[in-house]
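Notes to accompany the following structure.
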Amino acid sequence: MNPKKEIAIGFIVGIIANILGVLAYILLFSDLGIAETYAAAVEEDHVGSLLALGAILNLVAFFGFLRLRRDYRARGVLMATVLTALIILYYKIS
């Protein structure tokens, strides 16, 4: 088992889970399409909120990997979540 590879897999899973979470939120709760919702979020400075809601799926991936005893993959998901938090911070500050 290569820890770097396992962390990379977890990171990629975390990014994909976040993207799927954002898309699921848009499709379930927005009356607009994906592009229109994103444009409205940019216009109204709600991109950070949109990303935060999408990151909820990272909880499922994180605890799923912990349950399967894939600690390094869970660490990668945590790193993806921290990256998302930094991006949200960037949008809130600027």
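Quick caveat: nothing in here was measured; it's all calculated off a predicted structure.
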[X] [atom1] to [Y] [atom2] distance, which is reported to the nearest 0.5 Å:
X: Met1; Y: Asp71; atom1: CE; atom2: CG; answer: 8.0 Å
X: Ile56; Y: Thr81; atom1: CD1; atom2: OG1; answer: 11.5 Å
X: Leu32; Y: Ile26; atom1: CG; atom2: CD1; answer: 9.5 Å
X: Ile19; Y: Thr84; atom1: CD1; atom2: OG1; answer: 9.0 Å
X: Leu50; Y: Tyr91; atom1: CG; atom2: OH; answer: 10.0 Å
X: Ile34; Y: Leu23; atom1: CD1; atom2: CG; answer: 5.0 Å

Just so I know, are the side chains of Val13 and Phe65 near enough to count as touching, which here means a heavy-atom distance under 4.5 Å? yes
Heavy-atom side-chain proximity of Phe11 to Leu83 below 4.5 angstrom: yes
With hydrophobic residues grouped by side-chain heavy-atom distances under 4.5 Å, do [X] and [Y] end up in a single group?
X: Ile16; Y: Leu59; result: no
X: Leu20; Y: Ile87; result: no
X: Leu51; Y: Leu28; result: yes
X: Phe29; Y: Val22; result: yes
X: Ile88; Y: Leu57; result: no

For the student: nearest non-hydrogen atoms of [X] and [Y], plus distance:
X: Leu78; Y: Phe62; answer: CB-CE1, 4.3 Å
X: Gly54; Y: Asn18; answer: C-OD1, 3.2 Å
X: Thr37; Y: Ser30; answer: OG1-OG, 2.8 Å

